[in-house]
Amino acid sequence: MNKENILEQLQNIVGKDFVSNRKEDLYIYSQDPGASLSRPVDFVILPKNTEEVQKIVIYANNEKIPIIPMGGGLTLSGLVIPVKGGIVMDMKRMNEIIEINETSRYALLGAGVTTGQLLSYLNKNYSQLQPPIPDSPPSATIAGNVLIHGSGYLSQKHGDHGSMINGLEVVLPNGDISKFGSCALSDYWFSRGPIPDFIGLFTSSFGTLGIITKLSLKLFPKPKFRDVVFGLLKEIDKIPKLLLEITSTGLAEDILLGMQDKPDWMKGYIFVMTYITGDIEEELSQNMKILKKVYRKANTRFMKPPDRMRELYLEKPIFAAGLADIRKGGGFEYVGAFMPLERVPEAYMKAAEISRKYNVPPTIGSRLMSGTHTIIVFFSYAFNRADPKDLENARNALHETNELALKLGGIPWKVELDGQQLVLKKMDPNYKKLLKSIKNLIDPNNIMNPGNWEVK
Ligand SMILES: Cc1cc2nc3c(=O)[nH]c(=O)nc-3n(C[C@H](O)[C@H](O)[C@H](O)COP(=O)(O)OP(=O)(O)OC[C@H]3O[C@@H](n4cnc5c(N)ncnc54)[C@H](O)[C@@H]3O)c2cc1C
């Protein structure tokens, strides 16, 4: 079928204003802000509801046209740039906040709801509740974030964002509209079980198994007061011990740490930020005192940040902000890796060597999740988008860092095509076999984000 026919069929589903194959519309969808090369897109489509998604999927499946679901397109690792052409399905118009259940504490959302939209809606209408959201720009979608095992300021206490999904509505490649979680048998989207938990199939599968049209997200009570305990640690190898001590107090809402060469006073140190909360101010100052003691015992220099910085840190901890554009030209990508805590000091030291080798100032950050059960480490590389050599430099650094994370027992997170192959190469063969069988069963025509996570 030729492109004009396809366009006409898609227009019949969503209307002329919400599908395009004009070069100027496709240009922006053929790239992302990271280091991946741009790749061609054939169509972009913006459905309004589940029924439209279903019609598009049935049509694409019949014609064997690839579909790439896209939220905010902010993962930086090329996951929404088509590998084999096809239709980018931009979920922006499906942005309905369907229900906020205050008692069972969940939000039922359309897949296009953004993190900024949900946050401001709750602040205005349910100020006692807070959502789990990442530190990414507010145009990132909740669906895009939870589906990739994202993390944020509530992850220390409550785990990664994939575990905050209570239920999903998914359009499968055969056009079935399937529900997963309690919503499969109840009017309440309050739980994933106790039935076989298939939600995990759709997390970190990067749009390769179906299109999520609705999701239920856990919400949490919002404490009245928040503060941050800031410290500098000289000895890298003390990181695990310090973090174990902090988490043993049970006081931390969020723990962030990192290494960066700018501003100058941070050079040579690991900065450690522990966020604490309370319902009365006395509780906060009491907790602050306890944590100061923990910091000092671990030889970590407690520092009171200037008010302006403290406010910034409380609003949104921005890792690497000072270094993100150090090469000029606006390129930035990072390897995020879930790591075992005991290998973090080595990861920091070896990743700093990779940075220096590629002439990028070391910029490494971490966030502790679920106590100390996982720590996510971000190894960031800035590059000049206008300079192909610099782009290649960044890609080489990312490749070596993925290899490093795997060597140290870590798991690279939301990896780009090259990193996916490194992960698949190391993966247990029977895990891979099952992955392939599930993909073949659910998406036999391989229309869903093909080229990503393909087991050869
Ligand atoms: C400055 C900056 C800071 C960041 N900080 C954080 C952070 O603190 N924590 C964090 O977790 N991440 C962070 N990120 C990474 C990323 O931006 C976020 O994880 C973001 O939430 C991803 O959401 P998105 O809507 O952009 O997803 P997209 O990039 O649009 O999609 C992500 C993946 O999910 C798939 N997908 C999207 N929607 C659907 C759907 N409806 N159905 C099926 N599949 C779908 C896509 O195909 C893709 O594979 C940061 C990024 C930047 C640029």
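We use all heavy atoms of the structure for the numbers below, so side chains are in, but hydrogens, waters and symmetry mates are not. Just so you know, ligand 1 is whichever comes first in the structure, and atom 1 is the first atom listed for that ligand.
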| message | Tell me whether Lys48 is salt-bridged to Glu96, with the criterion being a basic N under 4.0 Å from an acidic carboxylate O. | response | no

| Location of contacts on Thr115 toward ligand 1, heavy atoms closer than 4.0 Å | neither

| remark: Closest to atom 32 (C) of ligand 1 among protein heavy atoms sits Thr75 CG2, 3.5 Å

| said: If the threshold is 4.0 Å, N to carboxylate O, is there a salt bridge linking Glu253 and Arg226? | reply: yes

| task | Under 4.0 Å from a heavy atom of Gly210: give me the atoms of ligand 1 that qualify, with their elements. | result | 43 (C)

| request: Classify the contact between Trp413 and ligand 1 as side chain, backbone, both or neither, using a heavy-atom distance cut-off of under 4.0 Å. | output: side chain

| field | Tyr275-Gln156 side chain donor-acceptor pair, cut-off 3.5 Å | value | no

| Can you list the ligand 1 atoms lying under 4.0 Å from a non-hydrogen atom of Gly150? | 11 (O)

| task | Would you kindly specify which portion of Ala111 sits under 4.0 Å from ligand 1, judged on non-hydrogen atoms: side chain, backbone, both or neither? | result | side chain

| request: Tell me which protein heavy atom sits closest to atom 27 (O) of ligand 1, plus the residue, atom name and distance to 0.1 Å. | output: Gly144 CA, 3.5 Å

| query | Can any side-chain N or O of Asn384 pair as donor or acceptor with the backbone N or O of Asp390 at less than 3.5 Å? | reply | no

| Are Asp254 and Arg367 ion-paired here, with the side-chain N under 4.0 Å from a carboxylate O? | yes

| atom 38 (N) of ligand 1 [closest protein heavy-atom partner, distance rounded to 0.1 Å] | Gly71 N, 3.9 Å

| Counting heavy atoms only, which of Gly34, Ser139, Ser136 is nearest atom 18 (C) of ligand 1? | Ser136

| said: For ligand 1, which is the ligand I care about here, please tell me if Gly73 has any N or O atom under 3.5 Å from one of the ligand's N or O atoms. | reply: yes

| query | Looking only at side chains, do Thr213 and Glu169 share a donor and an acceptor under 3.5 Å apart? | reply | yes

| said: To check your reading of the model: name the closest protein heavy atom to atom 13 (C) of ligand 1, its residue, and the distance in Å. | reply: Tyr334 OH, 3.5 Å

| said: Under a 3.5 Å distance rule, please check whether Ser155 uses its side chain to pair with a backbone N or O of Gly159 as donor and acceptor. | reply: yes

| query | Is the closest heavy-atom distance from Gly112 to ligand 1 below 4.0 Å? | reply | no

| message | Taking 4.0 Å as the limit for heavy-atom contacts, which would you say applies to Leu147 with ligand 1: side chain only, backbone only, both, or neither? | response | side chain

| query | Hey, is ligand 1 close enough to Met91 that some N/O pair sits below 3.5 Å? | reply | no

| task | Look at the side chain of Ser182 and the backbone N and O of Arg192, then say whether any donor-acceptor pair between them is shorter than 3.5 Å. | result | no

| message | Less than 3.5 Å apart, any donor N or O on the side chain of Asn123 or Gln130 sitting next to an acceptor on the other? | response | no

| task | Answer yes or no: is there a donor N or O on one side and an acceptor on the other, between the side chain of Thr141 and the main chain of Val113, under 3.5 Å? | result | no

| request: Could you tell me which atoms of ligand 1, counted from 1 in the order shown, lie closer than 4.0 angstrom to a heavy atom of Val80? | output: 30 (O), 31 (O), 46 (C), 47 (O), 48 (C)

| task | Could you list which atoms of ligand 1 come closer than 4.0 Å to a heavy atom of Ala140? | result | 20 (C), 21 (O), 23 (O), 25 (O)

| request: Decide whether Asn449 and Lys84 meet the rule of one side-chain donor and one side-chain acceptor closer than 3.5 Å. | output: no

| Sub-4.0 Å atoms of ligand 1 with respect to non-hydrogen atoms of Gly207 | 44 (N)

| Which residue owns the protein heavy atom closest to atom 46 (C) of ligand 1, what's the atom, and how far is it? | Pro69 O, 3.1 Å

| Is any N or O atom of Leu74, backbone or side chain, closer than 3.5 Å to an N or O atom of ligand 1? | yes

| query | Less than 3.5 Å between some nitrogen or oxygen of Gly72 and one of ligand 1, yes or no? | reply | yes

| request: Would you tell me whether Asp90 and Tyr29 have side-chain atoms, one donor and one acceptor, within less than 3.5 Å of each other? | output: yes

| Under 3.5 Å: donor-acceptor pair, side chain of Trp453, backbone of Phe206 | no

| query | What protein heavy atom sits nearest atom 2 (C) of ligand 1, and how far away is it? | reply | Pro137 CD, 3.8 Å

| Polar contact flag, side-chain donor to acceptor under 3.5 angstrom, Ser366-Tyr348 | yes

| Which bit of Asn145 gets closer than 4.0 Å to ligand 1, counting heavy atoms only: side chain, backbone, both or neither? | both

| message | I'd like to know whether ligand 1 has Ser151 as a neighbour, heavy-atom separation below 4.0 Å. | response | yes

| field | Taking atom 42 (N) of ligand 1 as the reference point, the nearest protein heavy atom with its distance | value | Ile212 N, 2.9 Å

| With a distance cut-off below 6.0 Å to the six-membered ring centre and an angular limit of 45° from the axis, does Lys414 pair with Phe338 as a cation-pi contact? | no

| Are Ile211 and ligand 1 in contact, using a heavy-atom cut-off of under 4.0 Å? | yes

